[in-house]
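Have a look at the structure below before the remarks.
In this chain, residues are counted from 1 in sequence order. We count ligands from 1, going down the list as the structure has it; atoms in each ligand are counted the same way. Every heavy atom of this structure was used, including side-chain atoms; hydrogens, water molecules and symmetry mates were not.
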Amino acid sequence: MTSANKLELLPAVDVRDGQAVRLVHGESGTETSYGSPLEAALAWQSAGAEWLHLVDLDAAFGTGDNRALIAEVTGAMDIKVELSGGIRDDASLEAALATGCTRVNLGTAALETPEWVAKVIASHGDKIAVGLDVRGTTLRGRGWTRDGGDLYETLERLNSEGCARYVVTDIAKDGTLQGPNLELLRNVCAATDRPVVASGGVSSLDDLRAIASLVPLGVEGSIVGKALYAKQFTLEEALEAVSS
Ligand SMILES: O=C(O)c1ccccc1N[C@@H]1O[C@H](COP(=O)(O)O)[C@@H](O)[C@H]1O
(Lines give C-alpha, C1' and ligand atoms only; values in the text may rest on other atoms or scores of the structure.)
Protein backbone atom coordinates (compact mmCIF):
# COMPACT_ATOMS: atom_id res chain seq x y z
CA MET A 1 0.00 0.00 0.00
CA THR A 2 1.44 3.43 -0.89
CA SER A 3 1.15 6.49 1.35
CA ALA A 4 -1.59 7.76 -0.99
CA ASN A 5 -3.90 4.98 0.15
CA LYS A 6 -2.80 4.82 3.76
CA LEU A 7 -5.39 6.03 6.27
CA GLU A 8 -4.43 9.38 7.79
CA LEU A 9 -4.93 9.71 11.55
CA LEU A 10 -5.98 13.01 13.10
CA PRO A 11 -5.70 12.99 16.89
CA ALA A 12 -8.23 15.45 18.31
CA VAL A 13 -7.76 18.25 20.79
CA ASP A 14 -11.15 19.73 21.71
CA VAL A 15 -10.89 22.91 23.76
CA ARG A 16 -13.48 24.09 26.27
CA ASP A 17 -12.82 26.90 28.72
CA GLY A 18 -9.10 26.68 27.99
CA GLN A 19 -8.84 22.94 28.69
CA ALA A 20 -8.47 19.89 26.46
CA VAL A 21 -11.67 17.90 26.98
CA ARG A 22 -13.65 15.00 25.60
CA LEU A 23 -17.44 14.97 25.46
CA VAL A 24 -19.92 12.11 25.17
CA HIS A 25 -22.25 12.44 22.15
CA GLY A 26 -20.95 16.03 21.89
CA GLU A 27 -23.18 17.05 24.80
CA SER A 28 -22.25 20.09 26.80
CA GLY A 29 -21.80 19.14 30.47
CA THR A 30 -20.29 15.71 29.77
CA GLU A 31 -16.70 17.01 29.70
CA THR A 32 -13.77 15.01 30.97
CA SER A 33 -10.76 17.30 31.23
CA TYR A 34 -7.30 16.34 30.02
CA GLY A 35 -5.36 19.48 30.91
CA SER A 36 -3.39 21.79 28.65
CA PRO A 37 -4.42 21.76 24.95
CA LEU A 38 -0.88 22.79 23.96
CA GLU A 39 0.66 19.91 25.91
CA ALA A 40 -1.82 17.46 24.40
CA ALA A 41 -1.16 18.72 20.88
CA LEU A 42 2.62 18.60 21.35
CA ALA A 43 2.33 15.08 22.74
CA TRP A 44 0.45 13.90 19.62
CA GLN A 45 3.02 15.62 17.41
CA SER A 46 5.91 13.98 19.29
CA ALA A 47 4.20 10.61 18.95
CA GLY A 48 4.30 10.93 15.16
CA ALA A 49 1.00 12.54 14.19
CA GLU A 50 0.96 14.22 10.78
CA TRP A 51 -2.33 15.98 11.52
CA LEU A 52 -4.05 17.61 14.47
CA HIS A 53 -7.86 18.06 14.59
CA LEU A 54 -8.27 21.12 16.81
CA VAL A 55 -11.76 22.15 17.93
CA ASP A 56 -12.96 25.29 19.68
CA LEU A 57 -15.95 23.82 21.50
CA ASP A 58 -16.97 27.11 23.12
CA ALA A 59 -17.21 28.69 19.68
CA ALA A 60 -19.23 25.68 18.44
CA PHE A 61 -21.63 25.90 21.41
CA GLY A 62 -21.81 29.71 21.35
CA THR A 63 -20.42 29.99 24.89
CA GLY A 64 -17.48 32.22 23.99
CA ASP A 65 -14.30 31.19 22.25
CA ASN A 66 -10.73 30.06 22.76
CA ARG A 67 -9.45 31.90 19.71
CA ALA A 68 -6.13 33.10 21.17
CA LEU A 69 -5.32 29.67 22.58
CA ILE A 70 -6.29 27.96 19.32
CA ALA A 71 -3.94 30.33 17.46
CA GLU A 72 -1.15 29.63 19.97
CA VAL A 73 -1.54 25.85 19.64
CA THR A 74 -1.73 25.98 15.84
CA GLY A 75 1.34 28.24 15.70
CA ALA A 76 3.32 25.81 17.85
CA MET A 77 2.66 22.87 15.52
CA ASP A 78 5.02 21.67 12.80
CA ILE A 79 2.31 19.33 11.54
CA LYS A 80 -0.90 19.99 9.57
CA VAL A 81 -3.82 21.37 11.55
CA GLU A 82 -7.55 21.10 10.80
CA LEU A 83 -9.50 23.76 12.73
CA SER A 84 -13.15 23.38 13.70
CA GLY A 85 -15.77 25.14 15.75
CA GLY A 86 -17.51 28.45 15.30
CA ILE A 87 -16.20 29.23 11.82
CA ARG A 88 -19.36 30.76 10.44
CA ASP A 89 -18.60 34.13 8.83
CA ASP A 90 -15.84 36.12 7.17
CA ALA A 91 -14.31 37.31 10.46
CA SER A 92 -14.11 33.86 12.06
CA LEU A 93 -12.87 32.30 8.81
CA GLU A 94 -10.14 34.94 8.43
CA ALA A 95 -9.08 34.46 12.07
CA ALA A 96 -8.94 30.70 11.58
CA LEU A 97 -6.94 30.87 8.34
CA ALA A 98 -4.59 33.49 9.87
CA THR A 99 -3.44 30.88 12.41
CA GLY A 100 -1.63 29.10 9.57
CA CYS A 101 -3.85 26.03 9.79
CA THR A 102 -3.92 23.71 6.79
CA ARG A 103 -7.71 23.69 6.51
CA VAL A 104 -10.87 24.58 8.34
CA ASN A 105 -13.97 22.55 8.96
CA LEU A 106 -17.37 24.26 8.64
CA GLY A 107 -20.40 22.76 10.36
CA THR A 108 -23.29 25.05 11.25
CA ALA A 109 -22.53 27.48 8.42
CA ALA A 110 -23.08 24.76 5.82
CA LEU A 111 -26.59 24.31 7.21
CA GLU A 112 -27.58 27.90 7.99
CA THR A 113 -25.72 30.09 5.48
CA PRO A 114 -25.28 27.93 2.39
CA GLU A 115 -24.65 30.92 0.09
CA TRP A 116 -21.70 32.03 2.21
CA VAL A 117 -20.33 28.48 2.28
CA ALA A 118 -20.62 28.19 -1.52
CA LYS A 119 -18.71 31.48 -1.79
CA VAL A 120 -15.85 30.42 0.50
CA ILE A 121 -15.62 27.00 -1.15
CA ALA A 122 -15.19 28.84 -4.46
CA SER A 123 -12.58 31.22 -3.07
CA HIS A 124 -10.61 28.92 -0.74
CA GLY A 125 -10.95 25.47 -2.39
CA ASP A 126 -9.09 22.74 -0.57
CA LYS A 127 -8.73 24.84 2.58
CA ILE A 128 -12.42 24.30 3.29
CA ALA A 129 -13.88 21.02 4.51
CA VAL A 130 -17.47 20.60 5.62
CA GLY A 131 -18.27 18.72 8.79
CA LEU A 132 -21.33 16.53 8.33
CA ASP A 133 -22.36 15.89 11.92
CA VAL A 134 -25.30 13.50 11.85
CA ARG A 135 -27.85 11.70 13.96
CA GLY A 136 -29.26 9.01 11.72
CA THR A 137 -29.38 10.93 8.46
CA THR A 138 -30.26 14.31 10.00
CA LEU A 139 -27.53 16.93 10.19
CA ARG A 140 -27.01 18.84 13.43
CA GLY A 141 -25.58 22.32 13.96
CA ARG A 142 -25.01 24.89 16.74
CA GLY A 143 -23.02 22.54 18.96
CA TRP A 144 -25.07 19.63 17.59
CA THR A 145 -28.16 20.97 19.36
CA ARG A 146 -30.29 21.84 16.32
CA ASP A 147 -31.48 19.90 13.29
CA GLY A 148 -30.13 21.20 10.02
CA GLY A 149 -31.59 19.13 7.20
CA ASP A 150 -31.01 15.88 5.40
CA LEU A 151 -27.48 14.52 5.06
CA TYR A 152 -27.80 13.35 1.46
CA GLU A 153 -29.60 16.44 0.15
CA THR A 154 -26.92 18.65 1.73
CA LEU A 155 -24.16 16.44 0.38
CA GLU A 156 -25.57 16.69 -3.14
CA ARG A 157 -25.67 20.48 -2.87
CA LEU A 158 -22.12 20.70 -1.52
CA ASN A 159 -20.83 18.29 -4.18
CA SER A 160 -22.28 20.55 -6.87
CA GLU A 161 -20.63 23.58 -5.24
CA GLY A 162 -17.21 21.91 -5.37
CA CYS A 163 -16.71 21.11 -1.69
CA ALA A 164 -13.27 19.47 -1.46
CA ARG A 165 -13.71 17.19 1.53
CA TYR A 166 -16.16 16.00 4.20
CA VAL A 167 -15.59 15.20 7.85
CA VAL A 168 -18.35 12.78 8.83
CA THR A 169 -19.28 12.39 12.49
CA ASP A 170 -21.90 10.00 13.82
CA ILE A 171 -22.98 11.94 16.92
CA ALA A 172 -24.49 8.81 18.46
CA LYS A 173 -21.00 7.25 18.45
CA ASP A 174 -18.89 10.29 19.31
CA GLY A 175 -17.02 9.97 22.61
CA THR A 176 -18.58 6.59 23.38
CA LEU A 177 -15.83 4.11 22.43
CA GLN A 178 -18.54 2.01 20.73
CA GLY A 179 -16.88 1.62 17.34
CA PRO A 180 -17.28 3.69 14.17
CA ASN A 181 -20.38 3.72 11.98
CA LEU A 182 -18.93 1.94 8.97
CA GLU A 183 -22.27 1.79 7.19
CA LEU A 184 -22.62 5.58 7.35
CA LEU A 185 -19.09 5.98 5.98
CA ARG A 186 -19.81 3.57 3.11
CA ASN A 187 -23.05 5.41 2.31
CA VAL A 188 -21.40 8.83 2.31
CA CYS A 189 -18.56 7.54 0.11
CA ALA A 190 -21.16 6.22 -2.32
CA ALA A 191 -22.76 9.67 -2.46
CA THR A 192 -19.59 11.66 -3.19
CA ASP A 193 -16.30 11.39 -5.04
CA ARG A 194 -14.60 13.70 -2.51
CA PRO A 195 -12.39 12.38 0.29
CA VAL A 196 -14.09 11.57 3.58
CA VAL A 197 -12.61 11.87 7.06
CA ALA A 198 -14.27 9.58 9.60
CA SER A 199 -15.06 10.75 13.11
CA GLY A 200 -16.74 9.20 16.11
CA GLY A 201 -16.61 5.97 18.05
CA VAL A 202 -13.08 4.66 17.48
CA SER A 203 -12.20 2.43 20.42
CA SER A 204 -9.60 -0.06 19.23
CA LEU A 205 -6.89 -0.74 16.71
CA ASP A 206 -9.33 -3.09 14.97
CA ASP A 207 -11.73 -0.16 14.54
CA LEU A 208 -8.94 1.76 12.81
CA ARG A 209 -8.16 -1.22 10.60
CA ALA A 210 -11.86 -1.44 9.70
CA ILE A 211 -11.89 2.25 8.73
CA ALA A 212 -8.64 1.73 6.80
CA SER A 213 -10.40 -0.98 4.78
CA LEU A 214 -12.68 1.79 3.44
CA VAL A 215 -9.78 3.79 1.96
CA PRO A 216 -10.46 2.32 -1.52
CA LEU A 217 -14.04 3.66 -1.22
CA GLY A 218 -12.86 7.20 -0.47
CA VAL A 219 -12.16 7.36 3.26
CA GLU A 220 -8.99 9.39 3.62
CA GLY A 221 -8.58 9.74 7.35
CA SER A 222 -9.93 9.15 10.81
CA ILE A 223 -10.17 11.46 13.77
CA VAL A 224 -9.24 9.74 17.03
CA GLY A 225 -10.20 11.30 20.33
CA LYS A 226 -11.43 9.52 23.43
CA ALA A 227 -9.59 6.26 22.68
CA LEU A 228 -6.23 8.03 22.84
CA TYR A 229 -7.06 9.99 25.98
CA ALA A 230 -8.46 6.85 27.65
CA LYS A 231 -5.26 5.02 26.65
CA GLN A 232 -7.07 2.27 24.76
CA PHE A 233 -3.95 2.29 22.57
CA THR A 234 -1.08 4.67 21.92
CA LEU A 235 -0.84 6.91 18.89
CA GLU A 236 2.33 5.05 17.88
CA GLU A 237 0.36 1.77 17.90
CA ALA A 238 -2.45 3.40 15.91
CA LEU A 239 -0.06 4.72 13.27
CA GLU A 240 1.56 1.30 13.02
CA ALA A 241 -1.86 -0.40 12.70
CA VAL A 242 -2.78 1.68 9.62
CA SER A 243 0.68 1.79 8.07
CA SER A 244 0.25 -1.19 5.78
O1 LIG B 1 -16.09 17.63 18.34
C2 LIG B 1 -17.03 17.65 19.13
O3 LIG B 1 -17.08 16.83 20.10
C4 LIG B 1 -18.14 18.64 18.97
C5 LIG B 1 -19.19 18.60 19.84
C6 LIG B 1 -20.21 19.51 19.72
C7 LIG B 1 -20.16 20.45 18.72
C8 LIG B 1 -19.12 20.50 17.83
C9 LIG B 1 -18.10 19.60 17.93
N10 LIG B 1 -17.02 19.58 17.10
C11 LIG B 1 -16.67 20.27 15.92
O12 LIG B 1 -17.29 21.52 15.70
C13 LIG B 1 -17.66 21.57 14.35
C14 LIG B 1 -18.86 22.39 14.15
O15 LIG B 1 -18.66 23.73 14.54
P16 LIG B 1 -19.59 24.83 13.86
O17 LIG B 1 -20.95 24.26 13.82
O18 LIG B 1 -18.99 25.05 12.51
O19 LIG B 1 -19.49 25.99 14.76
C20 LIG B 1 -17.96 20.15 13.99
O21 LIG B 1 -17.90 19.88 12.63
C22 LIG B 1 -16.91 19.39 14.74
O23 LIG B 1 -15.72 19.35 14.00
Any N or O of [X] closer than 3.5 Å to N or O of ligand 1:
X: R142; answer: no
X: G107; answer: yes
X: G86; answer: yes
X: W144; answer: no

Quiz item: So, do W44 and Y34 have ring centers that fall under 6.0 Å from each other?
Solution: no
Exercise. Using modelled atom types only, decide if a donor and an acceptor are shared between the side chain of K226 and the backbone of G201 within a distance under 3.5 Å.
Key: no
Self-check item: Main-chain N/O of L83 paired to N105 side chain as donor or acceptor, under 3.5 Å
Solution: no
Quiz item: Salt-bridged, D90 to K119, with N to O below 4.0 Å?
Solution: yes
Quiz item: Are any of the side-chain nitrogens in R157 or E161 under 4.0 Å away from the carboxylate oxygens of its partner?
Solution: yes
Quiz item: What do you reckon, does A109 put a non-hydrogen atom under 4.0 Å from ligand 1?
Solution: no
Quiz item: Is G141 in contact with ligand 1, taking contact as a heavy-atom separation below 4.0 Å?
Solution: no
Pull out every atom of ligand 1 sitting under 4.0 Å from any heavy atom of [X], numbered as shown with elements.
X: R88; answer: 16 (P), 17 (O), 19 (O)
X: D174; answer: 3 (O)
X: F61; answer: 6 (C)
X: N105; answer: 21 (O), 23 (O)
X: A60; answer: 8 (C), 15 (O), 19 (O)

Quiz item: Do V202 and L23 share a hydrophobic cluster (ILVMFWY, side-chain heavy atoms under 4.5 Å, transitive)?
Solution: no
Quiz item: So if you build clusters from Ile, Leu, Val, Met, Phe, Trp, Tyr with side-chain heavy-atom gaps below 4.5 Å, do L184 and V130 land together?
Solution: yes
Quiz prompt | Passing candidate, side chain to side chain contact (heavy atoms under 4.5 Å, CB included) with P11, options I223, V224, L235 | solution = L235
Quiz item: Which bit of L57 is near ligand 1, meaning a heavy atom under 4.0 Å away: side chain, backbone, both or neither?
Solution: side chain
Among all protein heavy atoms, pick the one closest to [atom] and tell me residue, atom and distance.
atom: atom 11 (C) of ligand 1; value: V55 CG1, 3.5 Å
atom: atom 20 (C) of ligand 1; value: D133 OD2, 3.1 Å
atom: atom 23 (O) of ligand 1; value: S84 OG, 2.9 Å
atom: atom 1 (O) of ligand 1; value: D14 OD2, 3.1 Å
atom: atom 7 (C) of ligand 1; value: G143 CA, 3.5 Å
atom: atom 15 (O) of ligand 1; value: G85 CA, 3.4 Å

Quiz item: Nearest 0.5 Å, what's the OG-CG distance between S199 and L10?
Solution: 9.0 Å
Practice problem: Could you grab the distance from atom CG of L132 to atom CZ of R140, nearest 0.5 Å is fine? | Solution: 14.5 Å
Exercise. Validate the cation-pi geometry between R135 and W144: distance from NZ or CZ to the six-membered ring centre under 6.0 Å, angle to the ring axis within 45°.
Key: no
Quiz prompt | Within 6.0 angstrom of E156 CD, more than 12 heavy atoms from elsewhere | solution = no
Self-check item: For atom 17 (O) of ligand 1, the option (of T108, V167, L83) bearing the nearest heavy atom
Solution: T108
